[in-house]
Amino acid sequence: DNIVVVEGNVTVRDGTPKIIARSFDRIENMREKNQGMIRLCLSVATCDIEGDELERLAGLFDENRGQTPVQMLVRSVDDRQIRMKVRKYVIDPTDELLSQARQLLGKNNVWMEKRPDA
């Protein structure tokens, strides 16, 4: 019941793809080891979010300080999108933080990605 990250190569021999793994690690360990190389992304529609939800999100970030930057994709009513770095918060992306953020913003509006500058 664990999510793992596998590093390796895929080869195709005899028409059958095979994974040659170099390393395995639990996703929790990868997040902890690579906090500075990933970022938390949030997609927020201005028409769907309330002020108290933003305050609860800020409280989550305060409680989970770390090394991972936060970025928001803000969508306006006319569907324009603005990408913003949330400079005030650098967080530890724990399972609990991700779960609570997804409850506030919606499952598909919270994700982790590798930073392009990492």
Side-chain angles (χ1 to χ4, degrees):
D1 293 329
N2 289 310
I3 298 173
V4 296
V5 175
V6 179
E7 288 187 52
N9 298 320
V10 177
T11 64
V12 180
R13 291 187 184 154
D14 303 322
T16 304
K18 296 180 183 179
I19 298 174
I20 300 172
R22 286 189 307 266
S23 67
F24 294 88
D25 209 344
R26 293 180 53 197
I27 193 72
E28 293 86 3
N29 297 344
M30 296 300 293
R31 278 196 307 241
E32 188 175 307
K33 290 177 190 175
N34 298 298
Q35 277 194 41
M37 297 176 65
I38 57 177
R39 65 182 170 200
L40 173 66
C41 298
L42 309 169
S43 180
V44 179
T46 56
C47 61
D48 293 337
I49 191 135
E50 302 286 329
D52 65 328
E53 292 171 322
L54 289 175
E55 287 179 26
R56 288 174 39 205
L57 197 58
L60 279 175
F61 293 162
D62 275 332
E63 294 168 9
N64 293 277
R65 298 263 179 201
Q67 300 174 16
T68 302
V70 178
Q71 179 173 307
M72 293 184 85
L73 179 62
V74 180
R75 296 184 320 274
S76 64
V77 177
D78 60 359
D79 217 25
R80 286 187 299 160
Q81 296 182 5
I82 300 169
R83 211 173 267 277
M84 300 172 26
K85 290 181 183 176
V86 182
R87 295 179 194 265
K88 181 176 178 178
Y89 297 107
V90 183
I91 54 100
D92 178 7
T94 63
D95 288 339
E96 183 66 23
L97 179 138
L98 295 173
S99 175
Q100 290 183 23
R102 287 179 176 131
Q103 286 177 354
L104 284 170
L105 302 177
K107 180 181 175 184
N108 296 326
N109 293 325
V110 178
W111 68 94
M112 303 292 301
E113 66 183 25
K114 184 176 179 184
R115 291 176 36 199
D117 58 342

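We use all heavy atoms of the structure for the numbers below, so side chains are in, but hydrogens, waters and symmetry mates are not.
- Using a 4.5 Å cut-off between side-chain heavy atoms of Ile, Leu, Val, Met, Phe, Trp and Tyr, with links allowed through other members, Leu54 and Ile82 fall into the same hydrophobic cluster.
- For Gln71, the side chain to side chain donor-acceptor pair (under 3.5 Å) partners at least two apart in sequence or on another chain are Arg39.
- Counting heavy atoms from C-beta on, the side chains of Val70 and Leu42 come closer than 4.5 Å.
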Would you mind writing out the side-chain donor-acceptor pairs for residues 100-112 within the sub-3.5 Å range, not counting sequence neighbours?
residue, atom, partner, partner atom, Å
Gln100, NE2, Glu96, OE2, 2.4
Arg102, NE, Val110, O, 3.3
Arg102, NH2, Val110, O, 3.3
Asn109, ND2, Leu105, O, 2.6
Trp111, NE1, Glu113, OE1, 3.2

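- Taking all atoms of both residues into account, the shortest heavy-atom contact from Pro69 to Val90 is N-CG1, 4.2 Å.
- The side-chain contact (heavy atoms from CB on, under 4.5 Å) test applied to Asp78 returns Ser76, Arg80, not counting sequence neighbours.
- Applying the side chain to side chain donor-acceptor pair (under 3.5 Å) test to pairs two or more places apart or on separate chains, those with a residue in residues 41-52 are Ser43-Arg75.
- Take Arg22 and apply the side chain to side chain donor-acceptor pair (under 3.5 Å) test, not counting sequence neighbours, and it matches Asn9.
- Residues Leu98 and Pro93 approach most closely at CD1-O, 4.0 Å, considering heavy atoms.
- How far CD1 of Ile38 is from NZ of Lys114: 11.5 Å, rounded to the nearest 0.5 Å.
- Around CD1 of Ile19, the count of heavy atoms belonging to other residues, nucleotides or ligands within 6.0 Å does not exceed 12.
- Partners of Arg56 by side chain to side chain donor-acceptor pair (under 3.5 Å), not counting sequence neighbours: none found.
- Of all heavy-atom pairs spanning Asp92 and Leu97, the tightest one is O-CD1, 4.1 Å.
- Side-chain contact between Tyr89 and Leu40: absent, with no pair of heavy atoms (C-beta onward) separated by less than 4.5 Å.
- Residues Val77 and Val44 are members of separate hydrophobic clusters, defined by side-chain heavy-atom contacts under 4.5 angstrom among Ile, Leu, Val, Met, Phe, Trp and Tyr.
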